[in-house]
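In what follows, a single structure is set out as structure tokens and then discussed.
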Amino acid sequence: MSVETVNKKIEMEFEKFYSQTSGLLYNYILKRVRDNEKSLDIMQNAYLKTYPEFEKLEFPKSYLYKVAYHMIIDNSNKNKREQNLQETLQYQSEHNDRNQYLRMQIDKALDKLKQKDRDVFELKTFQDFSYKQISIITELTPKAVESVLTRVRNFLREELKNLREFGYLRSLTECSDEQIDTENE
């Protein structure tokens, strides 16, 4: 028997196999995937993966369903990853929008301050300088720096109280006495 004849025989057997199994396989996949197009794609890919092995298989139907089963799982995992990615992107977008809004509100409030007060606050809050370092930079005494920061924090507490009610900005507008004592040493 020639190679061509053997190949033709395998193709005919596979076509018969396809016609016997495709309806049930499609229903099996559709029940799990619940999407017509994805079900058809999975089914097609399962047959494509089965075809090269077809003549060697003792139980081709079992092999076909095993391939389809793993493709369904892969599809499910892919959908979960895509959904998680979409949720993460949506959360990041919402978070970024909120952060932009908060920053805009803080900037508006800071714009109402005198330049020296704003500088002291920004050096402490955003640059994390100690009172002593700020006093050197601004040529104020450490006690004056403490006084300015207290005044600015009180102003911001009042100016941004609507944001604070939602739990935002605690670190910007509050500073413990312990923090102040350790920084003055």
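- You'll find the side chain of Thr50 reaches within 4.5 Å of the side chain of Leu57, heavy atoms only.
- In this structure, Lys16 does not pair ionically with Glu13, as no charged nitrogen and carboxylate oxygen lie closer than 4.0 Å.
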Which donor-acceptor pairs under 3.5 Å do the side chains of residues 21-31 make with protein atoms, sequence neighbours left out?
{"unit_1": "Thr21", "atom_1": "OG1", "unit_2": "Phe17", "atom_2": "O", "d": "2.7"}
{"unit_1": "Thr21", "atom_1": "OG1", "unit_2": "Tyr47", "atom_2": "OH", "d": "2.5"}
{"unit_1": "Ser22", "atom_1": "OG", "unit_2": "Tyr18", "atom_2": "O", "d": "3.0"}
{"unit_1": "Tyr26", "atom_1": "OH", "unit_2": "Asn36", "atom_2": "OD1", "d": "2.2"}
{"unit_1": "Asn27", "atom_1": "ND2", "unit_2": "Gly23", "atom_2": "O", "d": "3.3"}

Let's go through Glu15 and Gln20 carefully: what are the C-alpha distance in whole Å and the side-chain angles of both, what is the deciding distance for side-chain contact (heavy atoms from CB on, under 4.5 Å) to 0.1 Å, and is it a yes or a no? CA-CA 9 Å; Glu15 285 175 15; Gln20 292 171 345; over 6 Å; no

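- Between Glu146 and Leu149, the closest side-chain pair of non-hydrogen atoms is not below 4.5 Å.
- Here the CD-CE distance, from Gln100 to Met104, works out to 9.5 Å after rounding to the nearest 0.5 Å.
- Distance NZ/Lys78 to CG/Asp74: 10.0 Å, rounded to 0.5 Å.
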Please report the C-alpha distance between Glu58 and Tyr63 in whole Å, then the side-chain angles of each, then the deciding distance to 0.1 Å, and finally whether the side-chain contact (heavy atoms from CB on, under 4.5 Å) criterion is met. CA-CA 9 Å; Glu58 186 176 352; Tyr63 182 82; over 6 Å; no

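- Note that the CD1 atom of Ile42 and the CD atom of Glu37 stand 12.0 Å from one another [nearest 0.5 Å].
- A donor atom on one side chain and an acceptor atom on the other are found under 3.5 Å apart for Thr5 and Ser2.
- There is a path of hydrophobic side-chain contacts, each under 4.5 Å, that joins Phe126 to Val145.
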So Val152 and Val120, side-chain contact (heavy atoms from CB on, under 4.5 Å) or not? Walk me through it. CA-CA 9 Å; Val152 169; Val120 168; over 6 Å; no

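- Counting heavy atoms from C-beta on, the side chains of Leu48 and Asn45 come closer than 4.5 Å.
- The number of heavy-atom neighbours closer than 6.0 Å to CE of Met12, taken from other residues, nucleotides and ligands shown, is 12 or below.
- Not one N or O on the side chain of Ser147 forms a donor-acceptor pair closer than 3.5 Å with the backbone of Lys143.
- For residues 138-163, no pair satisfies ring-ring contact (aromatic ring centres under 6.0 Å, His included), with sequence neighbours left out.
- Side-chain polar atoms of Gln115 and Asp119 form a donor-acceptor pair below 3.5 angstrom.
- Judged by distance alone, the side chain of Asn75 and the main-chain N or O of Met71 form no donor-acceptor pair under 3.5 Å.
- Applying side chain to side chain contact (heavy atoms under 4.5 Å, CB included) to Arg118 and the options Lys114, Lys116, Glu122 leaves one that passes, Glu122.
- Rounding to the nearest 0.5 Å places OG1 of Thr141 at 12.0 Å from CD1 of Ile134.
- Summarising the geometry, atom CD1 belonging to Ile136 is positioned 10.0 Å from atom CZ belonging to Phe129; distances are rounded to the nearest 0.5 Å.
- Taking CG of Leu160 as the start and NZ of Lys108 as the end, the distance is 10.5 Å to the nearest 0.5 Å.
- With hydrogens and angles left out, the side-chain atoms of Arg157 and Asn154 include a donor and acceptor closer than 3.5 Å.
- A donor-acceptor distance shorter than 3.5 angstrom exists from the side chain of Gln133 to the backbone of Ser130, with no hydrogens or angles considered.
- A pairwise comparison of heavy atoms in Phe121 and Leu110 identifies CD2-CD2, 3.5 Å as the closest pair.
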